There are 2 protein chains.
Amino acid sequence: MNKPSFRNWQSVQTEVLRRIHAREWEPGDLIPNESDLALEFGCARTTVNRALRAVADSGLLDRRRKAGTRVAEQPVAKATLAIAVIRNEIEERGQYYGYRLITRREAIPPLAVSDAMKSPQNHTLLHVRALHLADDTPYAFEDRWINPKVVPEGLAESYEIVSANEWLLKHAPYTHGEIAFSATSATSEEAEILCCNENSALLAIDRLTWDGSSTVTKVRLLFGPRHQLRTIL
Amino acid sequence: MNKPSFRNWQSVQTEVLRRIHAREWEPGDLIPNESDLALEFGCARTTVNRALRAVADSGLLDRRRKAGTRVAEQPVAKATLAIAVIRNEIEERGQYYGYRLITRREAIPPLAVSDAMKSPQNHTLLHVRALHLADDTPYAFEDRWINPKVVPEGLAESYEIVSANEWLLKHAPYTHGEIAFSATSATSEEAEILCCNENSALLAIDRLTWDGSSTVTKVRLLFGPRHQLRTIL
DNA sequence: AGTGATTTTATGTGCATACATAATAAATTT
DNA sequence: AAATTTATTATGTATGCACATAAAATCACT
């Protein structure tokens, strides 16, 4: 009947998670405050704080000053998707990475693009389209618009060897961005590029990247059929 | 020429981010160690540590003991998707939530399902199919298998009023899970349920949930055409 | 009763210090 | 030269303490 001691925040976290999973603390319950837990666990309040903060970050606890800490009623699962450079993504799967530039030109973008990028309607942008391959089979089609006002050095690049995906990440700083996942039917052109049937369902990732108040780049990545983005919860 | 002081970890974080964005610290660069930064910022090392840890969590810094902290070469963007209960998701958009149970029966699942759930092949599971609606239009089709060995109370539920999505989250604890995003073409049945054209490209979320070593539930959520999952980076 | 000021309380954070740990670099041995 | 041991160093974390801050609860006053 020895009370176990919890010397580090990870073990406190584990115990807290155990209690939540075992329903010792049920959804909606107010759990004891940090000082009491520290006393019970035989550690400093700081340590309990660290552990509770970690659990709260994962969405299983709701914490509010003075109100205390309670078990989340409906834990919002937070799926964290790691969006890496496509070359790394492929190489990490143990596959051979291939790259092919399709087109590269300066052009006035369609309204949808200039709007999204908050760029003047008749302003020329750099338009790069390319294909990423894994073991010589089409993996993802990249359709990208780059704002030369923000990344003038981008105009000097051919993107024939290094993809815009990779070049930009290395050379264009950004402060924030947004990303959207959706499904779309392959147009005949997309089908040809990705070597799939027309109207195949494709996973699309649209990303818009900002540096301060100006848009750096807007990209759509279309993945081949049956492509999955996976993560653990 | 006063040296600004950084009294809290957030301001240190902001300054660190600024230096990275401004390329004062370039990708791959080793940054000064915590003690030096603490000295420079006029705060405790603990505070610098907290700030650097936060930045490292976001993927912009790589930290290794003894080796030091360096700016990530290719920052892996971490898109965090909040997967909430569908009802909340819809209500938070300010829409009216509707729910309709389609079928509910105990059945032997197809091989693909029993395999994924690591359930014996001829073992009966609870199969629930339902439709979630937003403002009376189909929003997501839920196709779920529940393991009654793990959640026996689940057999007593009708799922006519409360969706399995919501009921399970409230009543079935889980330790971990995996989630996959993909695109799929609507079958004729799915098209009918979701009121869309056959072969429409649909976004699919597949989730597999575990409690310890047993599978709690496996669910596929099919969203209506043009549905987007968005998040900020 | 209603309104506003005040107290209380739980979390949030900063700091100095100490020690733990991982990984590298240096020294030593084989 | 290779292998092993030892020292060094940067990050990782535990602790006690102090104070900050948000929000609930209470009290005071009209």
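As the structure is a computational prediction, the values presented were derived from the model and not from experiment. A note on names: the letters A, B, ... follow the listed sequences, proteins ahead of strands, and every chain is numbered from 1.
- Distance B:D57 CG to D:dT11 C1': 14 Å, rounded to the nearest Å.
- Ring geometry for A:W167 versus A:Y159: interplanar angle over 60°, hence perpendicular rather than tilted (30 to 60°).
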How would nucleotides 18-24 of chain D be written as a contact map, 5' to 3', with B for base contact, S for sugar-phosphate-only contact and - for no contact, using protein heavy atoms under 4.0 Å?
-> B--BBBB

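- At D:dT13, one or more side-chain N or O atoms of A:R50 fall inside 4.0 Å of OP1 or OP2 (strictly under the cut-off).
- Proximity of A:Q10 to the phosphate of D:dT13: a side-chain N or O atom is located under 4.0 Å from OP1 or OP2.
- For the pair B:L37 CG and D:dA10 C1', the interatomic distance rounds to 12 Å; values are reported in whole Å.
- Contact annotation: B:N49 side-chain N/O to D:dT13 OP1/OP2 distance is not under 4.0 Å.
- Atom CG of A:D36 and atom C1' of C:dT11 are 13 Å apart (whole Å).
- Within the 4.0 Å cut-off from OP1 or OP2 of C:dT11, at least one side-chain nitrogen or oxygen of A:T69 is found.
- No donor-acceptor pair closer than 3.5 Å links the side chain of B:S182 to the backbone N or O of A:Q228.
- Nucleic acid contact class of B:S35 (heavy atoms, under 4.0 Å, all strands): none.
- The nearest whole Å value for the distance from the CZ atom in B:F6 to the P atom in C:dT13 is 18 Å.
- In this structure, B:L61 atom CG and D:dG12 atom P are separated by 11 Å, rounded to whole Å.
- Using a 4.0 Å cut-off between charged side-chain N and carboxylate O, A:E34 and A:R63 make a salt bridge.
- Between B:I31 and B:T46, the residue anchored closer to the 5' end of DNA chain D is B:I31, taking for each the nucleotide with the nearest heavy atom.
- Taking atom CZ of B:R70 as the reference point, atom C1' of D:dT11 lies 14 Å away to the nearest angstrom.
- One can place CD of B:E34 at 14 Å from C1' of C:dC15, the figure rounded to the nearest angstrom.
- Between B:T47 and C:dT13 there is no side-chain polar atom (N or O) within less than 4.0 angstrom of OP1 or OP2.
- With respect to A:R87 and A:E142, no salt bridge is recorded, no charged nitrogen being found less than 4.0 Å from a carboxylate O.
- The nucleotide whose nearest atom lies closest to any side-chain atom of B:A44 is, among D:dT11, D:dT15, C:dC15, C:dC15.
- For B:R104, the salt bridge (Lys or Arg N to Asp or Glu O under 4.0 Å) test picks out no residue, with sequence neighbours left out.
- Distance alone, capped at 3.5 Å, places no donor-acceptor pair between the A:H132 side chain and the A:P138 backbone.
- One interatomic measurement links the two molecules: CG of A:N8 to P of C:dT21, which rounds to 10 Å at whole-angstrom precision.
- Taking the charged nitrogens against the carboxylate oxygens, B:R19 and B:E15 do have a contact shorter than 4.0 Å, which makes a salt bridge.
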